[in-house]
Enquirer: 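So that we are looking at the same thing, I have put the structure below in structure tokens.
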There are 2 protein chains.
Amino acid sequence: MSSDPPGWELPLRLLQGFRSLIDALHAELARRGHPDLRPVHGFVMQAVGRDGTTAVELGRRLGVTKQAAAKHIETLERAGYLTRTDDPDDARRKLVQLTGRGVDSLVLSAQIFDELRAGWAATLGVERLRAMEDDLRAVTPGNPMRVDAPGWFAGS
Amino acid sequence: MSSDPPGWELPLRLLQGFRSLIDALHAELARRGHPDLRPVHGFVMQAVGRDGTTAVELGRRLGVTKQAAAKHIETLERAGYLTRTDDPDDARRKLVQLTGRGVDSLVLSAQIFDELRAGWAATLGVERLRAMEDDLRAVTPGNPMRVDAPGWFAGS
DNA sequence: CTATATAGACAACCACGTTGTCGAGAGTAA
DNA sequence: TTACTCTCGACAACGTGGTTGTCTATATAG
């Protein structure tokens with residue numbers, strides 16, 4: 001029988017797996033017309049969503065303050081991925097929405113993620129990959145769409 | 001037959017798995033006498049290692065500049081986890097070494113990681129967990145001891 | 001002895017998070 | 001209508017952790 005690996009290997013492998021996928025995604029995004037996107041930008045735009053949102057709500061979704069969310073919005077607005085328009089029903093609010101370029105980057109990202117997953121399936125076999133996904137779902141029962149990752153690591 | 005999940009779920013699950021382990025580790029570390037440690041501190045002390053190192057070498061291991069490494073050293077020195085002493089063989093160098101408290105935190109972390117892995121094994125079964133580890137090794141062939149994670153996410 | 005390379009300290013700056021404050025607008029109750 | 005309260009977004013100040021650039025002291029090679 002084989003002995004168990006040390007427990008500290010598992011989290012590092014999980015992180016490496018995540019990193020390798022995200023790095024490959026952004027290498028491919030750069031090749032297909034989005035060289036300026038950073039990993040955090042994908043999380044922000046995913047949190048904005050097709051329906052748009054506001055700075056306060058975006059902050060809630062990302063798990064940061066509205067001020068931090070506003071800075072992300074400003075960055076992505078200047079880069080051409082988001083627009084801000086006045087809400088006709090509430091003069092306090094500014095509606096943040098994806099531009100065509102923003103939507104394109106999300107569509108492209110979904111497509112590239114599928115391609116990367118196919119690469120893992122080719123290496124591991126479809127059944128082993130599905131087993132890994134099932135097992136990860138079992139130990140991380142939350143909604144995978146939560147995007148409050150940024151800023152979590154460094155902490156206070 | 002079941003259909004494949006979207007490719008974007010896999011990286012999010014990997015990140016969630018990593019996060020859940022690291023969060024559980026630090027909750028337990030806090031309970032066992034190390035409430036001030038942050039995730040990044042574990043990476044730094046792991047990079048310092050039992051043999052000690054210097055600021056320049058630490059920066060190399062973490063993938064950051066020597067100045068950034070020096071700031072981590074100063075933080076952890078003030079917190080009582082590291083000491084800096086003059087190198088008797090080279091008056092330019094300051095040897096950075098773990099204190100007893102620093103070593104204790106690493107020993108404790110290794111122990112807690114083993115306990116967390118046992119928890120996953122209880123949920124998934126030993127064979128499934130080993131399969132996941134094997135598969136992660138197969139798709140992330142690098143040395144898992146690399147600890148250059150901090151600062152990678154936000155990018156430029 | 002001299003030239004070059006390295007270690008670490010220091011300053012300035014930037015990115016991204018925080019808290020605190022503020023004015024404008026919306027909602028509600030007297 | 002008026003007054004009170006809440007919400008949204010803007011702005012300033014600050015902390016942390018990263019960067020580049022510069023400087024001094026010390027090793028090391030020629």
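In what follows, chains carry the letters A, B, and so on, assigned in the order in which the sequence lines appear, proteins first and then strands, with residues in each chain numbered from 1.
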Enquirer: Let me know the distance between CZ of B:Arg78 and P of D:dT16, rounded to the nearest Å.
Expert: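 Rounding to the nearest Å, CZ of B:Arg78 and P of D:dT16 are 8 Å apart.
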Enquirer: Starting at atom CG of A:Leu58, determine the distance to atom C1' of D:dT7, rounded to an integer number of angstrom.
Expert: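 In whole Å, D:dT7 C1' lies 17 Å from A:Leu58 CG.
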Enquirer: Taking CD from B:Glu74 and P from D:dG17, how many angstroms apart are they, rounded to a whole number?
Expert: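 Atom CD in B:Glu74 sits about 11 Å away from atom P in D:dG17.
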Enquirer: Given 3.5 Å as the limit, does a donor-acceptor pair link the side chain of A:Arg61 with the main chain of A:Ala47, or not?
Expert: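 At least one qualifying donor-acceptor pair exists.
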Enquirer: Quick one: is C:dA9 close enough that its OP1 or OP2 comes under 4.0 Å of any side-chain N or O from B:Lys94?
Expert: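 Checking B:Lys94 against C:dA9: at least one side-chain N or O falls below 4.0 Å of OP1 or OP2.
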Enquirer: Counting side-chain heavy atoms from C-beta on, which of D:dT26, C:dG25, D:dG9 comes nearest to A:Asp90?
Expert: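 From the listed options, C:dG25 comes nearest.
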Enquirer: Rounded to whole Å, how long is the line connecting atom CD of B:Gln67 with atom C1' of C:dC10?
Expert: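 The distance from CD of B:Gln67 to C1' of C:dC10 comes to 10 Å, rounded to the nearest Å.
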Enquirer: Within the 4.0 Å heavy-atom criterion, would you say B:Ala70 contacts the bases, only the backbone, or no part of the nucleic acid?
Expert: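 The answer is nothing, as B:Ala70 stays clear of every strand by at least 4.0 Å.
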Enquirer: Without decimals, in angstroms, what is the distance between B:Asp86 CG and C:dA7 P?
Expert: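 The answer, rounded to whole Å, is 16 Å.
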Enquirer: Using whole Å, report how far CG of A:Asp89 lies from C1' of C:dA24.
Expert: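 Going from CG in A:Asp89 over to C1' in C:dA24 covers 17 Å.
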Enquirer: Look at the rings of A:His34 and A:Tyr81 and say which category their plane angle falls in: under 30° parallel, 30 to 60° tilted, over 60° perpendicular.
Expert: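 Judged by the thresholds at 30° and 60°, the geometry between A:His34 and A:Tyr81 is tilted.
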Enquirer: Phosphate oxygens OP1/OP2 of C:dA7: is one of them under 4.0 Å from a side-chain N or O of B:Arg84?
Expert: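 Looking at the OP1 and OP2 atoms of C:dA7, neither is under 4.0 Å from any side-chain N or O of B:Arg84.
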Enquirer: Mark yes or no for whether B:Thr123, through its side chain, and A:Val139, through its backbone, hold a donor-acceptor pair below 3.5 Å.
Expert: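 No; judged by distance alone, with no hydrogens or angles, the pair does not exist.
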Enquirer: Would you say A:Thr54 places a side-chain N or O within less than 4.0 Å of OP1 or OP2 belonging to D:dC8?
Expert: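 It does not, given that no N or O in the side chain of A:Thr54 lies less than 4.0 Å from OP1 or OP2 of D:dC8.
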Enquirer: Mapping A:Thr65 and A:Ala91 to their closest nucleotides on DNA chain C, which lands nearer the 5' end?
Expert: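 Between the two, 5'-proximity favours A:Thr65.
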Enquirer: Can you tell me if A:His41 uses its side chain to pair, donor with acceptor, with the backbone of A:Arg38 under 3.5 Å?
Expert: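 Yes; judged by distance alone, with no hydrogens or angles, the pair exists.
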Enquirer: Tell me which nucleotide among C:dG17, C:dG8, D:dC8 gets nearest to the side chain of A:Arg60.
Expert: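 Of all the options, the side chain of A:Arg60 is nearest to D:dC8.
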Enquirer: Closest approach to the side chain of B:Lys71, judged atom by atom: which nucleotide of C:dG17, D:dC8, D:dT19 is it?
Expert: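 So the side chain of B:Lys71 is nearest to D:dT19.
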Enquirer: Could you give the CD-to-P distance, from A:Glu77 to D:dG9, as a whole number of Å?
Expert: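 Value for this atom pair: 13 Å.
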Enquirer: Expressed in angstrom and rounded to an integer, what is the separation of A:Leu82 atom CG from D:dG9 atom P?
Expert: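 Between P of D:dG9 and CG of A:Leu82: 14 Å.
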Enquirer: Looking at B:His72, I'd like to know whether one of its side-chain N or O atoms comes within less than 4.0 Å of OP1 or OP2 on D:dG18.
Expert: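 Yes, within the criterion.
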Enquirer: Between D:dG9, C:dT18, D:dA27, spot the one nearest the side chain of A:Ala68, thanks.
Expert: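 Among the listed nucleotides, the one closest to the side chain of A:Ala68 is C:dT18.
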Enquirer: Between B:Glu133 and B:Arg117, does a salt bridge (Lys or Arg N to Asp or Glu O under 4.0 Å) hold up when you go through it step by step?
Expert: CA-CA 11 Å; B:Glu133 290 170 334; B:Arg117 185 183 183 280; 2.7 Å; yes
